[in-house]
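Below is one structure, written out as structure tokens; comments come after it.
Worth knowing before you read on, the calculation uses all heavy atoms, side chains too, and leaves out hydrogens, waters and symmetry mates.
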Number of protein chains: 4
Amino acid sequence: MAKKRRTKTARKPPQQSRSRATVDAILDATIRILDKENWSKTTTSRIAQVAGVSVGTLYQYFENREAILDALQEREFERATTMLQEVLVSGGPGSDREAARSVVERLLGLYVESPGLHRVLVVEGLRVTPADRVQAFDLRAISAIRAFLAVADVPTRRTNLDAAAFVIFQSVRASMLSWLLERPAGIDGSVLVEELTDLVLRYLVADER
Amino acid sequence: MAKKRRTKTARKPPQQSRSRATVDAILDATIRILDKENWSKTTTSRIAQVAGVSVGTLYQYFENREAILDALQEREFERATTMLQEVLVSGGPGSDREAARSVVERLLGLYVESPGLHRVLVVEGLRVTPADRVQAFDLRAISAIRAFLAVADVPTRRTNLDAAAFVIFQSVRASMLSWLLERPAGIDGSVLVEELTDLVLRYLVADER
Amino acid sequence: MAKKRRTKTARKPPQQSRSRATVDAILDATIRILDKENWSKTTTSRIAQVAGVSVGTLYQYFENREAILDALQEREFERATTMLQEVLVSGGPGSDREAARSVVERLLGLYVESPGLHRVLVVEGLRVTPADRVQAFDLRAISAIRAFLAVADVPTRRTNLDAAAFVIFQSVRASMLSWLLERPAGIDGSVLVEELTDLVLRYLVADER
Amino acid sequence: MAKKRRTKTARKPPQQSRSRATVDAILDATIRILDKENWSKTTTSRIAQVAGVSVGTLYQYFENREAILDALQEREFERATTMLQEVLVSGGPGSDREAARSVVERLLGLYVESPGLHRVLVVEGLRVTPADRVQAFDLRAISAIRAFLAVADVPTRRTNLDAAAFVIFQSVRASMLSWLLERPAGIDGSVLVEELTDLVLRYLVADER
DNA sequence: GATGAATGAGGATTCATTCAT
DNA sequence: GATGAATGAATCCTCATTCAT
């Protein structure tokens, strides 16, 4: 009945290099397992085994099994926002379409790197009870997109920017993830990027000429 | 020790009315539970209890726990395709936009009816290993959309219709589901329908005038 | 951090005879183990093993490990109060001293029957946090003694009956328990009964002649 | 796998002042924790943390976790016997009742100082297997009481002094400890002292006039 | 002397599934 | 056909203790 407490923080801030290595080993092991198994089969002892440490050690660094996933999620979130920043900054000469394609392309790159993780992130996100959703991952992601749209100053046809950010996030994420997992025949990576760029741009931009 | 494989068929095709009632009670109970719990907490004994039957009886009608979900999925799939048919048939006078909006609207209706089920359908769909995907739900759904597009003879700007059906399905489904679960402030049902209709239409149609 | 919820009620009220037998087997097994091990080594799997059932079965009847102890405690409490009733009722001709000796004697009998259980009951009672003590075993026991004193209408020299009941309960219980566990040389059962009877009587009664 | 046997001796007799300070820090930390947690939650790492040392250091001074409790017990035992000595020596003019009350009062003082420790001492004392009881705490305490009675030359109505010492020790200790943990309404410290003094005196003394 | 990272055995609990009644 | 008691493998997590630095 008692709900497991998620924690954002590792038990001990890994200060020493050995610790750091152990934490990384655990996170990497988890990612590797997630490519083959779903979260519920990603057991702590399996993670520990793959990481080459004991369960005890795992629990020295993570409050509980969930905390490992949280850490991974945080890392991915940071990668994505950093990426958005970079595109924003470097986006001098190119057209809007090129910038958009770049974002989509690089985002897909993030997904391709660890498909299993992203699958589980979606699955577990869907699992969360409404009450816990307040600071959930996708809300933060949507805020980030919202901010990005504002800063990028896109001449949009949308009036409800909250709704737009929401729809874009869900659409792009779901498409990329399913593509990754299903690898549907006849749709290769570049096609997907093109379709999504077009989807987003035509939805968003006042009129593309 | 070996995990039982999913089965599409109920143990016994329910022929008699009492059987039919029992099967329905089980399916309905499952739906009701899924609105509050995730699939892994939807235990067989809980289902049996809510359905007012014994576990033994449950296993008389379903090979295993998974088979219940399969049955539910099948039912939803049929509802959705039937709905598409109806729109196609009845779609005489209205504009494309109105037809599209109607589809989106009625689809959302299906989701609203049993949010928990759809959440779990997505989650469990994502869980499935690639090998099992062949007859997976979304592949069938995408085929249906593909067929619908062909039959409806939409004057599209898309060249890769497979990709288009894929992107549309994923986008609409993910948006609807997340909307249902998060009920994001500032986006009510009609807004969502409008946004999704616009997203799909502008993505799909050659030029809307 | 979350405190385990003690439960007074078995998961399923054992209605059928097979169930009843299973529950009894579990309780008896627990008692037998408690004579040799302390509570923390009285593991669920050990209990199940000794009872000749599976762990699963054990959990069918008891919410958790604690609930088994609660059930046992309840049973002992009832035995003790029943015994007090009997002495009260049957206590016609005999002197006060004889009645008192009878109570002490029969109480010791209860302890002798399952020393391990009583040891653990004391130990675990001491473990309980103040907040949980409200309905704790000894408070109930003390109330029972208080009531007994009132009903028996003992001509007492005590003015604070709450204090008297408290002191008597703690003294008698601790002495009996330690005697049982230590079996101190030179103090056999009848001696103990005599000493405790005298302790209580001289403490309690106005003047014994 | 084999459980380490208890040891009465610290690993190193603390000779230097720094060592002494460390040992004290560990003992004090333990006492502080015991006021809030039971012995099984009084983990070595928690003790070390509260004491401001590392676990490694803790094990430099104590063979194992049990040894810490042993040391604490020893310290309390010495305090109690010292106290008895003092009362014996200083007991010139006062009446027997006053001397007795003084003993009870000062003993209660010891309990009040570290209730958690005394609770655990009782609990763990009860835990010990009969075989280990030979040199157990309460046997020593009872001997001390026995000796005290002999030396104090109380004109007692008791014939079995072993039994008397036993009963008195158990009664007083249990009453004090439970009083401390339960703080029962309507029984404050002075009341308890009075009741226990009376209990013991009337039990012990030939006739009080 | 001190540190604290690593160990791993051990224990409570859950739940899909079976089968005797 | 229905029942529900029984099963037991599987999983998360804790903590005393060690030992390389």
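If you check F/dA16, E/dA2, E/dT17 against the side chain of D/Thr43, the one that comes closest is F/dA16. The side chain of B/Gln60 has F/dA2 as its nearest neighbour among F/dA2, E/dT17, F/dA6.
With a 6.0 Å cutoff to the six-membered ring centre and a 45° limit on the axis angle, C/Arg119 does not count as a cation-pi contact of C/Trp39.
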Margin query: Could you write out DNA chain E as dot-bracket? Rules: Watson-Crick or G-U wobble, both distances under 3.5 Å, brackets [ ] for crossings, | for pairs with another strand, dot for unpaired.
Written below: .||||||||||||||||||||
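Mapping C/Gly52 and B/Val53 onto DNA chain F by nearest heavy atom places B/Val53 closer to the 5' end of the strand. A residue-by-residue look at A/Val55 and B/Leu58 shows that B/Leu58 has its nearest nucleotide of DNA chain F further toward the 5' end. When each of B/Ser45 and C/Arg65 is assigned the nucleotide of DNA chain E bearing its nearest heavy atom, the one mapping closer to the 5' terminus is C/Arg65. Each of C/Gly56 and D/Ser54 was matched to the nucleotide of DNA chain E holding its nearest heavy atom; the match closer to the 5' end belongs to D/Ser54.
No option in C/Thr30, C/Ile68, C/Thr57 other than C/Ile68 meets the side chain to side chain contact (heavy atoms under 4.5 Å, CB included) test with C/Phe62.
A search for salt bridge (charged side-chain N to carboxylate O under 4.0 Å, His left out) contacts involving C/Asp35 returns nothing, not counting sequence neighbours.
Distances shorter than 4.0 Å separate none of the side-chain N or O atoms of B/Tyr59 from OP1 or OP2 on F/dG4. Contact annotation: A/Thr57 reaches the phosphate of E/dT7 (side-chain N/O to OP1 or OP2, under 4.0 Å).
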